[in-house]
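This report refers to the structure that appears directly beneath it.
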Amino acid sequence: MFYRSVACWVTKRGRTMGSGTWSLFILFGLALWKANGENKKCSYTFLVPEQKITGPICAARGYSTDKDRVTRLDVAAVRDLLSKQRREMETLKLVVDVDGNLVNEMKLLRKESRNMNSRVTQLYMQLLHEIIRKRDNSLELAQLETRILNATTESLRLASRYRELEAKYAALSAVVNNQSVLIGALEERCMQVYSRRHEHPPMGPPLVQVVPENIPVNVPRFTNEIQRDNTRGILFYSMMTTACFSLLFFLLSGPFRDCLEAQEASHSTSGMYLIKPDEAERPVQVWCEQDIDNGGWTVIQSRRDGSVNFFRNWDNYKSGFGNIDGEYWLGLEGIYNLGRQGDYKLLVELEDWMGKKVYAQYSSFHLEPESESYRLRLGTYQGNAGDSLSSHNGKQFTTLDRDKDAFSGNCAHFHKGGWWYNACGQANLNGVWYTGGVYRSKFQDGIFWADYGGGFYSMKTVRMMIRPID
Ligand SMILES: [Ca+2]
């Protein structure tokens with residue numbers, strides 16, 4: 001049966017096999033025949049060339065040992081191949097494991113990358129914000145620079161202007177110097193001419209040498225403030241108020257002979273009144289002091305703030321000037337007319353710059369007529385200011401344009417006022433109103449009362465007032 005199977009398989013394959021194949025099968029058939037003939041004690045030996053088997057192996061178990069040997073070699077080779085592939089698989093597994101780690105690391109790296117991106121974005125925003133802020137700062141800096149440039153330009157302009165002014169000042173100084181030289185030369189020329197005409201150059205009056213018993217205590221000041229000539233506005237106001245008061249008094253009562261008569265007519269309030277002395281041609285305004293020493297005092301002179309210039313001519317002193325409610329001079333003619341209608345006494349009220357008030361009272365007071373240049377007639381002194389007026393008793397009135405004093409020059413020029421100057425005097429109540437008390441001047445032209453403060457102490461307020469003798 002086996003033979004038939006082989007023959008059949010050979011027949012089928014014989015159509016496609018070559019001569020080599022046929023030889024192989026012949027040898028294979030002879031071998032089989034030998035195996036069957038062992039029983040006949042006959043043996044054959046075949047030498048078959050070894051060839052590599054690449055295709056499927058068809059082995060019949062239990063029939064051929066050579067054929068089993070070839071198969072084992074192949075199996076060993078396959079095993080080698082398998083072990084090799086197993087190692088490669090292990091290697092690949094290791095590689096896969098490594099790749100897994102790499103994947104994890106990659107994930108971590110991605111996560112870190114995302115974090116880094118977020119951080120980078122945040123930093124970018126911060127950088128953007130910083131850039132914007134710096135741009136704003138740059139704008140402010142630019143504005144500041146512009147301002148600095150403007151200020152620098154302005155300072156340069158001012159410096160240039162200052163240099164120009166300096167140059168002008170230098171030129172003016174040169175002019176002044178030249179003028180000074182010229183004035184000096186002219187003065188020298190005048191002195192030469194004057195000395196040819198007169199034996200002696202003009203001298204000022206002797207200074208007051210009286211050492212006062214009462215010296216005002218105050219801080220020495222040397223301001224020599226010039227009198228303010230703001231009388232125009234005040235005069236307008238005074239004229240208006242005067243007109244109102246005049247109308248009022250004419251309608252209601254008065255004019256009175258003096259302030260005592262006004263007081264006796266129940267006008268006990270100090271203020272402006274209209275009086276008309278008996279011999280006066282027309283009424284005049286005065287300030288009536290009804291509050292001190294029983295009242296009834298007609299104020300003939302008042303100084304208190306330097307608002308009125310007292311360095312005036314004869315006509316002004318004759319008719320009077322100033323403001324009734326401020327500084328004023330009643331007028332020599334008015335004072336003369338008052339004195340003609342009775343016996344009057346004089347009260348001089350003085351206030352220093354510490355606010356202390358002193359007084360000097362004279363038992364009688366009147367003036368002689370204009371033909372006698374309003375000569376002063378005084379009674380005896382009484383008071384606490386010192387007697388600085390008795391030396392003027394019997395003296396005529398002197399103004400800058402009418403010299404009636406006992407001095408070779410005009411005392412009014414030196415003392416800058418109008419007064420019953422002697423040569424020149426111990427009192428100058430119509431002088432220059434200085435602030436602060438002590439003043440500096442070449443001549444004693446302040447409002448001084450020599451027995452109170454000396455000749456270089458200018459009083460703060462002064463009032464001269466008269467009242468009929470009781
Ligand atoms: Ca004189």
Side-chain angles (χ1 to χ4, degrees), residues 187 190-210 224 227 300-301 303 308-321 329-336 339 346 348 360 362 365-378 381 386-434 439-451 453-459 462 464:
E187 281 180 344
C190 287
M191 291 297 291
Q192 290 173 355
V193 172
Y194 189 87
S195 61
R196 279 200 295 270
R197 292 183 179 178
H198 303 84
E199 290 291 332
H200 304 289
M203 298 283 291
L207 301 180
V208 171
Q209 299 298 326
V210 173
N224 288 17
Q227 287 180 322
I300 62 174
Q301 188 259 19
R303 306 296 301 274
V308 175
N309 178 24
F310 273 65
F311 192 31
R312 293 172 179 259
N313 60 18
W314 181 267
D315 289 340
N316 285 164
Y317 270 101
K318 179 184 175 183
S319 59
F321 54 85
W329 173 256
L330 179 60
L332 291 166
E333 189 65 21
I335 299 170
Y336 165 68
L346 172 69
V348 179
Y362 294 86
F365 170 85
H366 74 271
L367 300 183
E368 292 186 359
E370 186 181 10
S371 58
E372 287 296 319
S373 298
Y374 301 110
R375 192 185 303 274
L376 177 65
R377 294 299 181 186
L378 281 179
Y381 161 81
D387 182 10
S388 293
L389 197 57
S390 290
S391 62
H392 297 269
N393 189 17
K395 305 305 175 188
Q396 294 178 313
F397 202 84
T398 292
T399 59
L400 59 92
D401 56 341
R402 188 171 293 191
D403 183 357
K404 295 293 181 180
D405 57 43
F407 181 61
S408 57
N410 186 339
C411 291
H413 282 290
F414 297 103
H415 290 310
K416 294 185 175 61
W419 197 248
W420 300 275
Y421 290 117
N422 187 358
C424 285
Q426 304 297 304
N428 188 42
L429 301 188
N430 288 339
V432 178
W433 190 86
Y434 288 109
Y439 65 98
R440 277 178 177 168
S441 179
K442 185 176 181 182
F443 306 108
Q444 292 167 325
D445 54 2
I447 303 173
F448 66 84
W449 187 268
D451 286 84
F456 282 107
Y457 187 92
S458 188
M459 307 304 295
V462 172
M464 298 173 69

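Basis for what follows: all heavy atoms, side chains included, without hydrogens, waters or symmetry-related copies. Numbering of ligands and ligand atoms starts at 1, following listing order.
- Residues Phe310 and Val432 are not in side-chain contact: their nearest non-hydrogen atoms beyond the backbone lie 4.5 Å or more apart.
- Evaluation of the ring-ring contact (aromatic ring centres under 6.0 Å, His included) rule for Tyr336 yields no partner, not counting sequence neighbours.
- No donor-acceptor distance shorter than 3.5 angstrom exists from the side chain of Trp314 to the backbone of Gly418, with no hydrogens or angles considered.
- Listed by chain and number, the residues in a side-chain contact (heavy atoms from CB on, under 4.5 Å) with Asp387 are Tyr362, Tyr381, Leu389, Ser390 (sequence neighbours excluded).
- For the Ca ion (ligand 1), protein N, O or S atoms under 3.0 Å: 5 in total.
- Without hydrogens or angle criteria, Asn393 side chain to Leu378 main chain gives a donor-acceptor distance under 3.5 Å.
- Listed by first and then second residue, the disulfide bond (SG atoms under 2.5 Å apart) pairs that reach into residues 391-431 are Cys411-Cys424, sequence neighbours excluded.
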